[in-house]
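What follows is a short report on a single structure.
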Amino acid sequence: MTSIPRDAWPDVTLPLLADPYRYIQRRAGRLGTDTFRSRLLGQPTIFLTGPEAAAFFYEPGRFHRQKAIPELVAHVLFGEGGVQRLDGEPHRHRKAQWRDLLAGGALDDLESVTERMWDDALPELEAMSSMDVFPQTARVLTASVCRWAGVPLARHLIGGITDMLSSLFLHAGSVGPEHLKGRQNRKAATEWAQRLVQGARSAEAAGRMDKVARIARWSADDGAPLPEAAAATEVLNLLRPTVAVAVYLAFLAMALHRHPENRVRVAEDAAFRRAFVQEVRRTYPFFPAVAARTTGPTEWRGEEVATDTRAVLDLYGTSRHPLAWDRPEEFRPERFLDWPGDQWSLVPQGGGDAAVTHRCPGEDATIRLMCLFAREFARARYEVTTPEAEPNYRAAPALPKGGFQLSGFRAG
Ligand code: HEM
């Protein structure tokens with residue numbers, strides 16, 4: 001590969017919106033490349049897919065995140081002052097605080113709190129004539145992450161807080177009234193999180209060691225305390241994506257239904273369960289892509305790419321790229337039983353070393369939570385009342401229209 005071809009479309013905004021998960025890989029495949037040029041929202045953009053392109057995209061210093069995605073989307077999804085929009089030393093400093101927050105026994109605690117909250121929710125779930133996996137597990141995860149993080153949450157408020165946090169990832173990319181809902185919820189969520197930070201910074205909170213209190217004490221790279229709004233954004237960066245794990249739980253339930261031959265091993269064998277969860281993360285659509293801009297002129301595939309060119313890395317396609325995966329379209333958890341692991345081929349939550357790149361710091365938490373629910377779902381008895389449900393490949397996240405519904409749920 002010595003040059004970067006152009007897409008036949010001068011601007012791919014419309015075809016990409018029509019097929020956000022598959023457009024880049026399909027087009028790159030047709031052009032016989034892992035990189036092509038076009039425009040996105042009128043601006044010159046290079047589109048990247050596959051492990052080599054992922055390594056290029058995440059090379060430190062080559063790209064920055066300022067103005068990489070439309071401000072309307074970034075505002076609802078990320079908020080203001082959070083780690084997602086930092087680069088260089090400020091980013092590394094914040095990322096180290098994220099690593100400390102989730103280290104030690106933090107994930108063991110999250111897992112045991114979630115197990116308790118799941119047990120508490122079971123009588124209500126078992127009494128339901130129909131249980132939709134995403135909203136119901138999102139409620140359990142909201143209750144769990146709030147308890148774990150030190151956010152007081154009365155039982156009658158769980159539904160409202162779940163809706164508010166879910167709206168930040170369900171409606172960020174929508175248009176019209178749905179987008180407006182996302183904006184309103186971002187405002188409400190930020191005000192709520194700011195009150196949590198104020199509480200954690202008050203004199204009475206001295207000595208508090210919960211997650212919110214620790215974030216409230218985070219500093220910027222110059223040593224100054226984080227502005228209250230930035231700390232609030234980071235509190236939401238902890239709560240919102242943990243609730244978003246429920247999207248994966250809907251796909252997990254779908255995968256168990258599609259591949260029932262795996263059920264017994266998922267129920268009984270922890271190593272296989274983890275492999276199954278990895279295969280769900282590899283094959284089901286969540287974030288289609290991530291975007292950045294070149295910090296200076298850079299060279300790739302034998303061509304110069306100008307300063308401030310936008311680059312879009314295809315996360316979904318890279319995780320199913322034929323260069324990295326044998327028979328990538330097949331759902332085969334066994335492929336992960338002896339997987340040595342690498343930073344560029346399984347990238348549903350970003351690539352590279354999370355301490356350095358923008359890769360998700362919550363990946364281990366995601367896997368732990370998915371394994372817990374995989375065990376619970378595989379051991380439970382229920383009927384699937386929406387057996388034809390498919391991911392909605394036109395939406396991000398790609399939750400099936402009409403949900404994934406179970407009836408007669410009985411824990412195992
Ligand atoms: C639902 C499962 C999750 C998915 C699909 C997911 C996906 C992602 C993706 C694609 C990125 C951006 C990577 C990039 O920009 O290069 C990211 C970043 C991030 N995620 Fe997650 N994530 C999930 C769960 C979590 C959890 C549970 C947490 C917190 C405990 C979390 C916290 C973050 C933060 C703080 C960032 C920004 C990191 C940075 O900019 O350096 N995520 N995630």
Side-chain angles (χ1 to χ4, degrees), residues 21 48 54-55 57-60 62-66 68-69 74 77-79 81-88 90-103 106-107 109-111 114 134 137-138 141-142 144-145 148-149 165-166 168-170 172 211 215 218 230 233-252 277 280-282 284-293 311-316 318-319 343-344 346-370 373 396-399:
Y21 293 99
L48 304 159
F57 179 87
Y58 281 110
E59 213 173 284
R62 225 185 252 282
F63 292 93
H64 66 81
R65 296 301 177 102
Q66 309 309 312
I69 64 171
L77 193 59
F78 302 150
V83 62
Q84 291 95 335
R85 306 219 220 184
L86 300 178
D87 291 298
H91 176 255
R92 264 189 297 279
H93 180 81
R94 190 78 61 86
K95 223 44 202 289
Q97 293 172 323
W98 267 101
R99 193 192 46 222
D100 290 351
L101 187 76
L102 300 173
L107 300 189
D109 293 345
L110 175 63
E111 200 176 319
T114 308
F134 167 71
T137 54
L141 288 171
T142 300
S144 308
V145 72
W148 175 67
L165 293 171
S166 306
L168 307 181
F169 59 84
L170 292 178
K211 305 282 174 290
I215 294 174
W218 280 1
T233 296
E234 297 296 17
V235 168
L236 294 176
N237 273 342
L238 183 66
L239 306 181
R240 179 200 70 248
T242 307
V243 176
V245 171
V247 173
Y248 267 149
L249 300 183
F251 295 143
L252 186 80
V277 159
V280 170
R281 293 195 325 122
R282 190 186 73 80
Y284 281 83
F286 202 135
F287 273 89
V290 283
R293 285 179 183 274
V312 173
L313 174 70
D314 171 24
L315 296 180
Y316 179 71
T318 299
S319 302
Q343 298 182 335
W344 312 117
L346 181 68
V347 294
Q349 295 176 238
D353 173 359
V356 178
T357 71
H358 281 271
R359 187 182 190 134
C360 178
E363 216 164 340
D364 289 345
T366 304
I367 294 170
R368 293 277 285 260
L369 291 171
M370 288 177 74
F373 282 90
L399 282 167

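Order of appearance sets the numbers: ligands from 1, and atoms from 1 within every ligand. None of these values were measured; they are calculated from a predicted model. Atom set for the values below is all heavy atoms of this structure, side chains included, hydrogens, waters and symmetry mates excluded. Residues take their numbers from the sequence shown, with the count starting at 1.
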Residue and atom name of the nearest protein heavy atom (relative to atom 25 (C) of ligand 1), distance in Å to one decimal: Pro241 CB, 3.3 Å

For atom 12 (C) of ligand 1, closest protein heavy-atom neighbour: His358 O, 3.8 Å

Minimum-distance protein heavy atom relative to atom 22 (N) of ligand 1: Cys360 SG, 3.2 Å

Atom indices of ligand 1 within 4.0 angstrom of Leu238 heavy atoms, with elements: 30 (C)

Residue and atom name of the nearest protein heavy atom (relative to atom 33 (C) of ligand 1), distance in Å to one decimal: Pro361 CD, 3.4 Å

Atoms in ligand 1 flagged as close to Trp98, the criterion being non-hydrogen separation under 4.0 Å: 35 (C)

Sub-6.0 Å ring centroid separation between Tyr248 and Tyr284: no

Min side-chain heavy-atom separation Leu77-Phe287 under 4.5 Å: yes

Distance from atom 23 (C) of ligand 1 to nearest protein heavy atom, with residue and atom: Gln349 NE2, 3.2 Å

Sub-4.0 Å atoms of ligand 1 with respect to non-hydrogen atoms of Asn237: 29 (C), 32 (C)

Arg65, any N or O under 3.5 Å of ligand 1 N or O: yes

Donor-acceptor under 3.5 Å (Thr114 side chain, Leu369 main chain): no

Which residue and heavy atom of the protein sit nearest atom 16 (O) of ligand 1, plus the separation: Tyr58 OH, 2.6 Å

Gln343 side chain to Asp353 side chain, donor-acceptor N/O pair below 3.5 angstrom: no

Beyond-backbone contact of Leu239 with Trp148, side-chain heavy atoms, under 4.5 angstrom: no

Between Asp100 and Gln97, a side-chain donor and acceptor under 3.5 Å: no

Proximal ligand 1 atoms for Leu315, defined as those under 4.0 Å from one of its heavy atoms: 10 (C)

Atom indices of ligand 1 within 4.0 angstrom of Val290 heavy atoms, with elements: 14 (C), 15 (O)

Closest approach of any protein heavy atom to atom 24 (C) of ligand 1, naming residue and atom: Thr366 OG1, 3.3 Å

Which of the ligand 1 atoms, numbered from 1, are nearer than 4.0 Å to a heavy atom of His91: 39 (C), 40 (O), 41 (O)

Val247 and ligand 1 - part of the residue with a heavy-atom distance under 4.0 Å: neither

Plane angle bin for Tyr316 and Tyr21 - parallel if under 30°, tilted between 30 and 60°, otherwise perpendicular: perpendicular

Side-chain (Arg281) to main-chain (Thr366) donor-acceptor, under 3.5 angstrom: no

Sidechain-backbone polar pair: Ser319 side chain, Val347 backbone, donor-acceptor under 3.5 Å: yes

Close side-chain approach of Thr318 and Leu48, heavy atoms under 4.5 Å: no

Proximity to ligand 1 by part of Pro348, non-hydrogen separation under 4.0 Å: backbone

Atom indices of ligand 1, in the order listed, that fall short of 4.0 Å to a heavy atom of Lys95: 38 (C), 39 (C), 41 (O)

Flag, side chain of Arg240 to backbone of Leu165, donor-acceptor distance under 3.5 Å: no

Residue portion contacting ligand 1 (non-hydrogen atoms closer than 4.0 Å) for Val83: both

